[in-house]
Amino acid sequence: MRFSTALLASAAALTVSAQNGYKGFNYGANFMDGTPKTVNDFEYEFNAAKQLPGTNGDWTSARLYTMIQHGSTNTVIEAIQAAINTKTSLLLGLWASVPSEQFANEIAALKAAIAQYGTAFTDLVVGISVGSEDLYRITPTGIENKSGVGASPDQLIDYIRQTRSAIEGTTLAGAPVGHVDTWTAYVNGSNNGVISELDFLGMDAYPYFQTTMANSIENANETFYDAYDVTVAASQGKPVWVTETGWPVSGEQQNQAVASPENARTFWAETTCSLLKANINLFFYTLQDAQMGTPSPSFGIKPAGDLQQVQPLWDLSCPASAKPSSRTIPLSDPPPAPTTTGTTPISSITSTSTSIGPQLPVPTSLDEVFQIPQLLIPIDHSRPDTPLGSQFIGQLSPTYSTLVNFQFPASFAGKLCTFIFYMPPIANGWWSPYQLKSPGGLSVSRMLRPATVSTTPNNLGATQPIGAVYPLTLGQGHVVGSLPCDGGGQTVGFQISALAGLDFSWYQSVQPPVGLFVRANG
Ligand SMILES: *[C@@H]1O[C@H](CO)[C@@H](O)[C@H](O)[C@H]1NC(C)=O
Ligand SMILES: *[C@@H]1O[C@H](CO)[C@@H](O)[C@H](O)[C@H]1NC(C)=O
Ligand SMILES: *[C@@H]1O[C@H](CO)[C@@H](O)[C@H](O)[C@H]1NC(C)=O
């Protein structure tokens, strides 16, 4: 099969897939004072969600964190009966940051629910999440934040497999089994084995908490979608559901992020509304998180009190101008799974932030590395119809991306093409081949047709993600990802985009290697 034919085939197959536009909230098993929620409490909440002023009554999904009724050993959580009574669809959760004897209780409750309620229950289930932020809690940031006990990738893989066998042969067989974690967990290559086990990735992302970045409400939409994009790039082609996001109405300022109902409204109008338009499964955080106490920060749409009577703290209507997210392309024919070599340890990275992708030393010669790009074209997304033409300097920033074409030789046929971005060495002297105004990461996508001198943001066409790297470190080669080179002998275009606030320009060179290169292995 020729590469170009494969690309045309997937272009024709572009459709929205595996996202049904479920809209819901996250529901804990107990109130803040530790009282377990009963069937009446859950029903009250599920009904309140459907009656939210400013919505169409279509917030009819609920995400749970556990199958177990709070305070019991393995009694089925009463939310199941409440969901049946109110026709609320369910993203089930099994709490996984526990030893296997305790996880057995989650499995027992899941099986008991199937046996007790049958299809009245199982028809409502849209997915099952094994775990919630377990991988985040074992990271240095999670530990520093005293986030509690987590679970290792191996433990999660075991629990995911146990869950799959528990539903085998039942009316719940075939329900998508996934996991929920922070976006930073998915872009950490050490967790790739977990992703391989999943039918979907549930992503939690809160720009408010991203205190190492410029995280004011003005940047929140961009920050959120940066997280979403890197998660999609790491997802091995699987659907990414947004399982938690939101902006607090009250609480402390976090770096530049101010908690207020006005800012929660802005986040809703920009981010929530664009997710809804794009039909991405969304479990917002949250309907009301101040019951029997007020947490700080507080994310509730409804203040403490009567869920049915009290007006939302902000306007929930979506602006007519809200556009669907155009940053990622759901593919019914998923692109080849991005792979990384996984052999270079990332432990050498001293930054406390999560890193994506192995790093390599920069070679002194390019013997094994295939050519520099044939054509390099920066494009400015704030001037969507203006071609900037062929240049030697690549530019990446919140408004600039850079397109490059490679000519794959015939010898690439049947091999695996690995993409490496070589960062320039730290400048020492009057001349430097780069300008780094603001640190960050980058992502690389394959274009469905190569760039030309007249390519602009508006005529660039669709792209498929290959991978992402974060953070970019000077003097290092970063492995972005790999894909089959296919036939060889063709010209292929790639788009390099900035992530997480990167503002960087570089002089594409060979000696030393600076910029994007591709190498064929095997
Ligand atoms: C990456 O993931 C591994 C395994 O889950 C974890 O031990 C490690 O702390 C994570 N690294 C960072 C920087 O978060
Ligand atoms: C976790 O700790 C980091 C580093 O101290 C901080 O920037 C971040 O805001 C904390 N996150 C949460 C959720 O508290
Ligand atoms: C938020 O970002 C998404 C993805 O880039 C975009 O589609 C949407 O229009 C943005 N919303 C606003 C109000 O800028």
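Counting convention: from 1, in listed order, for ligands and their atoms alike. Small disclaimer: the values here were computed from a predicted structure and weren't measured.
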Query raised in the report: With atoms numbered from 1 as shown, which atoms in ligand 1 lie under 4.0 angstrom from a non-hydrogen atom of Asn191?
Result: 2 (O), 4 (C), 5 (O)
Report task. Go through ligand 1 atom by atom and flag the ones less than 4.0 Å from a non-hydrogen atom of Pro140. Result -> 9 (O), 14 (O)
Report task. Heavy-atom distances under 4.0 Å are what count here, so tell me which part of Ala185 touches ligand 1: side chain, backbone, both or neither. Result -> neither
**Report entry** Test applied, side chain to side chain contact (heavy atoms under 4.5 Å, CB included); reference residue, Thr463; option that passes from Ser445, Ser401, Ser497, Ser443
**Finding:** Ser445
Query raised in the report: Can the ring centroids of Tyr22 and Phe283 be said to lie less than 6.0 angstrom from one another?
Result: no
Query raised in the report: Within 45° of the axis and under 6.0 Å from the centre of the six-membered ring of Tyr65, does NZ or CZ of Arg63 qualify?
Result: yes
Query raised in the report: Do Ser274 and ligand 3 have an N or O pair less than 3.5 Å apart?
Result: no
**Report entry** Among Thr182, Asn188, Thr141, Leu156, closest by any non-hydrogen atom to atom 1 (C) of ligand 1
**Finding:** Asn188
Query raised in the report: Quick check: does any side chain N or O of Asn458 sit under 3.5 Å from a backbone N or O of Asp385, one acting as donor and the other as acceptor?
Result: no
Report task. Can you sort out the partners of Phe103 under ring pair (Phe, Tyr, Trp, His ring centres under 6.0 Å), two or more places apart, ordered by chain and number? Result -> Tyr159
